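None of the values given here were measured: they were computed from a predicted structure.
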There are 4 protein chains.
Amino acid sequence: MLDAAVRVFGRRGYRAASMEEIAELAGVSKPLVYLYLNSKEYLFTVCLRREAAALKAAVLSGAADAEPGGSVERRIWSVLMAFFTHTTGNPDGWALLHRQARTHGEPFAAEVAALRAELTRYVTSLITTAPTGPRTPRAATALAHALVGAAESLADWANTTPDATAHEAARTLLRLTHPSLPPHD
Amino acid sequence: MLDAAVRVFGRRGYRAASMEEIAELAGVSKPLVYLYLNSKEYLFTVCLRREAAALKAAVLSGAADAEPGGSVERRIWSVLMAFFTHTTGNPDGWALLHRQARTHGEPFAAEVAALRAELTRYVTSLITTAPTGPRTPRAATALAHALVGAAESLADWANTTPDATAHEAARTLLRLTHPSLPPHD
Amino acid sequence: MLDAAVRVFGRRGYRAASMEEIAELAGVSKPLVYLYLNSKEYLFTVCLRREAAALKAAVLSGAADAEPGGSVERRIWSVLMAFFTHTTGNPDGWALLHRQARTHGEPFAAEVAALRAELTRYVTSLITTAPTGPRTPRAATALAHALVGAAESLADWANTTPDATAHEAARTLLRLTHPSLPPHD
Amino acid sequence: MLDAAVRVFGRRGYRAASMEEIAELAGVSKPLVYLYLNSKEYLFTVCLRREAAALKAAVLSGAADAEPGGSVERRIWSVLMAFFTHTTGNPDGWALLHRQARTHGEPFAAEVAALRAELTRYVTSLITTAPTGPRTPRAATALAHALVGAAESLADWANTTPDATAHEAARTLLRLTHPSLPPHD
DNA sequence: GATGAATGAGGTTTCATTCAT
DNA sequence: CATGAATGAAACCTCATTCAT
C-alpha cells in the first residue's frame, strides 16, 4: 500500500497525486487508505521517511560492506555502488526523494534537506582527508555539493537511460574524482 | 505578467500555484490572464520556454564573450560564469526550470529534458577534446551528465547559501574538472 | 449500551453522534451495536422511546404518590417534584428528549410531540378545574403550553445552574401558578 | 441567499443541512455560497447573528413603541406583542435561534445563551419591580427562566398551531403573569 | 456469537475557467 | 478592452454499514 503511494507520489508529485489513484493502484478502497494513514499529508510523510531511511540504510550498509583494511578509494567505491544500486532498483522512491519532496512546502523540503545535508557532510569529510583537496571548509562544502549533485544527476541518468547500470554510474563518478585510478571491476 | 507567473510557478510548483495568485501578483484580473495566455498549461509552457531561452542565451553569450584566441579552459570559465550568474540573478526562473518543470507530466518534462540534452551534448563535446578524457562516447555522455548535475547542484547551493557568489560556484566546478589549474580571479 | 447511546446522542445530537463513539463508550464493538439495534435511526428511536417512557413513568408515579385525599395543589406539587427530580437526575435523557429529538426530521419530532401533547392535555385538565382558570378550551390549551414550556425551561436551568435543585424548580413553577400559596417544605 | 440558509439550517439543523441544498434553494451554485460566505461554519454564524440581531431589534422597537406615560403592564404588552409578532412572522429564524443553535457545539450555543441571558436579565428586572414578586435574586432569576421558557413555548405553539396569532400568545402569557388584568384589545 | 477489516455514498471545499457587462 | 460574478468538476475526507473469520 505504501508502495503504491510512493509510486504515485514519485511520478505525479504531491499535489497531482490523488488518493483515488493511490487506492486504486494498491487495489483497495479510498477509506482504507485513510484508515491506515490518516491523511494525504501524513501518507506523504510516511512515504518520505520510509524512502529516506531505506536510502540511508543502503548507503550505510554499503560502507560497512567494504573490507576493513581496504583503501579509501575502495570504500568510496562501495558507497557509490550501494547508492546507485539502490536508486536504480527503486526509481520511484528516488524520484520521490530527489524530485517531489523538494518541490513541496516546508515540512517536507526540510526533511529531505536534512538527509541531503547529512550526505553532504559525509562527502565533505571524505574530501577533506584527501591530500589534494580544497583548503578551506567553505570550498570543501561547495565541492561536496557539486559531487552530490553529480551523483544525483547520474542516478537520474541511470534511471532514464536504457541498459545503464549502477556500476556504470559509480565508475563515472569515481573517475571524475579520481582520474588516475584504473577502472574498477 | 510572465514575471509574476514565473515567480509563483517557481516557488509553489505547477499544481499548487493558483491563477488567482498569479493574477494578483501581476496586478491584473484573472480574465486578462486568460485573454493573453489561454490556459494554465499554456501559461506554464510560455514561462518554461521563456526561461529556457533566457538561460540558453545567457550561456551562449558567455561562450561568445570569451576571447577568440583564448584557451579552452578560458572558454569553459566564461560559460560557467555566465551560467551561474544567470541562475543566481534569476532564482525563480531557475527553480522553474530545474525543479518545477521536471516534476511534472510529459509535455513539460520533455521540453526541459531537451534543453538539458542540448547542454549535455555541448559538455560532452568539451570533454571529448580533452586528452585525458573518457575514451568511449557512452562514457563521455555519462560524465557530461555528472558534470551538468554538479553545476545544477551548485546553482541551487549558490541560491540558498548566504553570500555565495556565481564566481565561487564557477571556481568550485572548474577546480573539479581541472584540479591542476590555478584559481581564477 | 443504550445508556451510552443516550449519553452520546444527548450531548452531540443525532447527526454529530457517531456509532463509533457510542460503541466505544459502551465498551463493545460496532458490529455488536448493529446486531442488537439495526441502524442508527432505530437506535435513536429506541433511546427516544426509552427516555419518553421513563419520564412518563416518573411523572405518573409522582402523581400516584400523592395522598389520595390531598388537595389538588398537593398533587400538582408531587407531579412537579417527580418531573424535576427525573430531569435533574437524568440530564442526558432530558437533553435527548427536549433538545435533540425535536431538532430532527419528522419521525422523531412527531414522537416527542406526542409525548408533549399528552403532558399538555394533562396540564390542561388541571387548569380547567381551577375556578379562576381560562374560560375557553383554546385558551386553556395555550396556557398549558406556556406552563409546559416554563417547566422545560426550569429543567434546563436546574441542569445548568450549579446547586440548583429539583425542589427549587418545582417551588418556582408552583409559585407562578399559585402565587398565594405558602412556600412548600 | 442568507434567507435560504436560515431556512435550511432552521429546518434541518446544522449537521443535517447541506451546502448543496442551501445553494439550490437560493438558486445559485455551491461555489458562489463559498465565495460570499467562507465556510459552512461561518455561514451559520452569520445566520445566527442576523437572526439574533433581528429578534433583539424587534423586541427593543416594541419596547420603544409603548407610550412614554403608560403603565408597566402596557409596556410588557408591547414587548410581548413585538416578540411574538417577530417569531410568528419569521418561523425559520426562530427555529434557528431557539432550536438549532442551542444543540450545537460551544461557539454557537454560547452566543445564543448570551442573548437569552440578556432577555432573562430584562425579565428579572421587570419581575423584581412588581410588589408581589419574589423576594430573593435567586428566586427572581429562576422565575424569569420559567417565564422565558413559557414565552418560547408559546412561540413554538403559535408557529405550529393553525390560525394561532401573536396576539393570542401574548394574551396567554400576560394572563399568566397578571391574572387579574382584563383581556387586552 | 463477536469482531477486524473493508467500502459506498455523500459532504465540504477549491480551482481553472467563462460570460455579461 | 477589462472585469465582477458565477460555475463544473474534482479533490480530500468521514461515516453508517457489512462481510469473513
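- Across the protein-nucleic acid pair, B/Glu24 atom CD and E/dC15 atom P stand 12 Å apart, rounded to whole Å.
- Few gaps surround CZ on C/Arg99; more than 12 heavy atoms of other groups in view lie less than 6.0 Å from it.
- Among the candidates A/Leu96, A/Val112, A/Leu97, the single residue satisfying the side chain to side chain contact (heavy atoms under 4.5 Å, CB included) test with A/Arg102 is A/Val112.
- Secondary-structure annotation of DNA chain F gives the stems E:2-21 with F:2-21, with a stem taken as at least 3 successive Watson-Crick or G-U pairs whose two distances both fall under 3.5 Å.
- If you take CG of D/Leu37 and P of E/dT12, they are 14 Å apart, rounded to a whole angstrom.
- When DNA chain F is scanned 5' to 3' for any atom under 4.0 Å from a heavy atom of chain A, the first and last hits are F/dC12 to F/dC15.
- Under the 4.5 Å side-chain criterion, counting only non-hydrogen atoms from C-beta, C/Cys47 is not in contact with C/Gln100.
- Note: A/Phe9 and A/Tyr14 have parallel aromatic rings, judged against thresholds of 30 and 60 degrees for the angle between ring planes.
- Residues A/Glu51 and A/Asn90 are in side-chain contact: their nearest non-hydrogen atoms beyond the backbone lie under 4.5 Å apart.
- Heavy atoms of other residues, nucleotides or ligands lying less than 6.0 angstrom from CZ of B/Arg12 number 12 at most.
- Taking atom CD of A/Glu20 as the reference point, atom C1' of E/dG8 lies 12 Å away to the nearest angstrom.
- Between A/Met19 and D/Gly27, the residue anchored nearer the 5' end of DNA chain F, judged by the nucleotide with its closest heavy atom, is D/Gly27.
- When heavy atoms are screened at a 4.0 angstrom cut-off, D/Tyr36 is found touching the sugar-phosphate backbone but no base atom.
- If you measure from atom CZ of B/Phe44 to atom P of E/dA16, you get 13 Å, rounded to the nearest angstrom.
- In this structure, the side chains of A/Leu37 and A/Leu2 come closer than 4.5 Å at one or more pairs of heavy atoms.
- Both B/Leu35 and C/Glu41 lie close to DNA chain F; mapped to their nearest nucleotides by heavy-atom distance, the more 5′-ward contact belongs to B/Leu35.
- Rounded to an integer number of Å, the gap from CD of D/Glu21 to P of E/dG10 is 14 Å.
- Nearest heavy atoms, B/Ala95 versus B/Gly10: CB-O, 3.6 Å.
- The residue among B/Tyr34 and A/Pro31 whose nearest nucleotide of DNA chain E lies closer to the 5′ end is A/Pro31.
- Among pairs with a residue in residues 21-43 of chain C, none fulfils ring pair (Phe, Tyr, Trp, His ring centres under 6.0 Å), at least two apart in sequence or across chains.
- Side chain of A/Lys30, nearest nucleotide from E/dT7, E/dG10, E/dT12: E/dG10.
- As rounded to whole Å, 11 Å separates atom P of E/dA16 from atom CG of B/Leu43.
- As a whole-Å value, the separation of D/Lys40 NZ from E/dG10 P is 15 Å.
- Note on A/Ala17: only backbone sugar-phosphate atoms sit closer than 4.0 angstrom, heavy atoms only; bases stay farther off.
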